[in-house]
There are 2 protein chains.
Amino acid sequence: MSEKPEMSEDPKPRRRQARGERRITQLLQAAANVFCANGYTAASTNAIAREAHVSPGTLYQYFPNKEAIAVELGERLMYEMREAHGQAFTPENLALPLPELLDAVVDPLIAFNCANPVFLALMHGSEVPGKIAEEHDALHASLIERVRLLIAHYLPDSPPADCVRVADMAFAVFKGGLHLVLAAPEGPERDATIAELKQVLLRYLDPVIGQGTLAAGTPAIAGGGVTTSRTP
Amino acid sequence: MSEKPEMSEDPKPRRRQARGERRITQLLQAAANVFCANGYTAASTNAIAREAHVSPGTLYQYFPNKEAIAVELGERLMYEMREAHGQAFTPENLALPLPELLDAVVDPLIAFNCANPVFLALMHGSEVPGKIAEEHDALHASLIERVRLLIAHYLPDSPPADCVRVADMAFAVFKGGLHLVLAAPEGPERDATIAELKQVLLRYLDPVIGQGTLAAGTPAIAGGGVTTSRTP
DNA sequence: AGGAAACGCGAGCGATCACTCGTGTTTGTC
DNA sequence: GACAAACACGAGTGATCGCTCGCGTTTCCT
């Protein structure tokens, strides 16, 4: 043993050239497009290779099988996502009023999903292989945990089961609204949908938190009175 | 022309015996199980036939292709669903206070989806053929329209765009919560999740409707103070 | 009874897909 | 320049899937 200087990593420490790294990102980008358009199972490896303008043989030089493509893509997306929204849950945001807190948490998540629609396509389908589902469950659990901590911070005396239920429901509501946001065309209509989603979360969580401004006329972001301007 | 007395129907007026009708429902039930377990694309026709304890040839005597199985299943489910919740939107329910109105609308929908989990599996997947997607869009549009009429009834002076946005958002929130309800184990936990979902919708819609009881202590159904009982 | 038609079967056909392999090309190192 | 290794290719392979076809069985009608 100890024949190679690099024996600390995987059993296959394949040396990659710069060209190879470029091919990998190129293939992952192509896979993202095909997954997004047709879903995981309907996406053929030949179609991914064609989208990347390479041969099937080249694809299989960098990925052992189709699942590995989705797993690697999922891992990179999760890394980006944790990085993008990680700062949203910093402790200093706990001091913010609820509307601003919602902005800080919701906006990065929506922006990420708008920029990477393949993420939902991979995480959401019931057709994905088990490995992706595990990744998704882990990410989901970590997000829920952050929301739960946030809620528990405002309700230290509540039973943990209640906090979990509120966190789960808030996140489920967000996911439902997220689909609506992504379905809306980019522009003012999407912005209005985002504002409406924040309204839902605000009205749901405000009585729970019980300290914010229950002002019916202080919308979160742009669009005063976006929601059904009640005529007096 | 006019050779057969029955030329008013389809070009293929295949006469079915009672045995055949039984086989069809049996095959559709088997298809529902397989679709629910593996999704549409991953479900093979041979697997459906095996689940129904018939041969592939028998399956294709009643359905021209795999898509037709899903379409027929979808149509029967939609018929059941419209029948089940149709009474929820009767005009007399417009007079109900918001909590009771929510019960009348939400409960039948949740009960249907709990009894027929294959419905969401078929409607929700992005892998389904175009025919199913069209059916889903039609049902979705009709449901949204009913919600929109409900909202417009309370807000006759609001811009239509606002009513549509509120109806869309309320329905999206319901769908998100529905997944959470189905993920919860049957029993008190599921009931609590249902109550929580109604809380979300109540708090969102109550200021919109602007006439209901914004009482923080009048839960919709069972479970007084289910939500994070705030200690005074 | 007896004929027609619906029912039922399962081996097999063509197409497609994930994946391989033998061969040729480019890149890094001495 | 020479050698090795990474890179690139694309026709081909085995497996699977949607679906067919020929033939035997059951049911209905007269």
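Values reported hereafter were calculated over all heavy atoms of this structure, with side chains retained and with hydrogens, waters and symmetry mates removed. Each chain gets a letter, A, B and so on, in the order the sequences are listed, and its residues count up from 1.
Taking the side-chain hydrogen bond (donor to acceptor under 3.5 Å, both in side chains) definition, one finds that R146(A) meets it with nothing, sequence neighbours left out. A search for side-chain hydrogen bond (donor to acceptor under 3.5 Å, both in side chains) contacts involving R190(B) returns nothing, not counting sequence neighbours. Here E145(A) pairs with R148(A) under the salt bridge (charged side-chain N to carboxylate O under 4.0 Å, His left out) rule; sequence neighbours left out. Partners of L120(A) according to the side-chain contact (heavy atoms from CB on, under 4.5 Å) rule, which considers only residues two or more places apart in sequence or in another chain, are N113(A), L178(A), H179(A), L182(A). In this structure R19(A) satisfies the side-chain contact (heavy atoms from CB on, under 4.5 Å) test together with Q17(A), R22(A), sequence neighbours excluded. Qualifying side-chain contact (heavy atoms from CB on, under 4.5 Å) partners for N65(B), counting only residues two or more places apart in sequence or in other chains: E67(B), A68(B). Among residues two or more places apart in sequence or in another chain, the side-chain hydrogen bond (donor to acceptor under 3.5 Å, both in side chains) test is passed with S44(A) by none. Listed by chain and residue number, nothing satisfies the side-chain contact (heavy atoms from CB on, under 4.5 Å) test with P188(A) (two or more places apart in sequence, or in another chain).
Between the C1' atom of dC9(C) and the CZ atom of R50(B) lies a distance of 15 Å, rounded to the nearest Å. Remark: P of dC17(C) and CG of L59(A) are 14 Å apart, rounded to the nearest angstrom. Going from atom NE2 of H53(A) over to atom C1' of dC7(D) covers 18 Å, rounded to whole Å. Rounded to an integer number of Å, the gap from I48(A) CD1 to dG10(D) C1' is 17 Å.
Nucleic acid contact for F63(A): none, since no nucleic acid atom lies under 4.0 Å from a heavy atom of the residue. Here A43(A) lies in heavy-atom contact (under 4.0 Å) with sugar-phosphate atoms only.
For the helix from dA1(C)-dT30(D) to dC30(C)-dG1(D), the axis fitted to the five pairs at one end and the axis fitted to the five pairs at the other end meet at an angle of 10° (nearest 10 degrees).
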message: Does the protein touch nucleotides 19-30 of chain D at the base, only the backbone, or not at all? Give it as B, S and - per nucleotide, heavy atoms under 4.0 Å.
response: BB------S---
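Within residues 22-40 of chain B, the residues approached by DNA chain C to less than 4.0 Å at the level of any non-hydrogen atom are R23(B), in residue-number order.
Listed pair R16(A) / dC7(D) meets the phosphate criterion, a side-chain N or O lying under 4.0 Å from OP1 or OP2. In terms of phosphate contacts, S55(A) brings no side-chain nitrogen or oxygen within less than 4.0 Å of OP1 or OP2 of dA8(D).
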task: Go through E196(A) and Y204(B) one step at a time and tell me if the side-chain contact (heavy atoms from CB on, under 4.5 Å) criterion holds.
output: CA-CA 10 Å; E196(A) 195 72 17; Y204(B) 173 50; 2.4 Å; yes
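Sorted by first and then second residue, the ring-ring contact (aromatic ring centres under 6.0 Å, His included) pairs with a member in residues 43-80 of chain B form an empty list; sequence neighbours excluded.
Look at E72(A) and R76(A) and you find a salt bridge, because one of the NZ, NE, NH1 or NH2 atoms lies within 4.0 Å of a carboxylate O, short of that distance.
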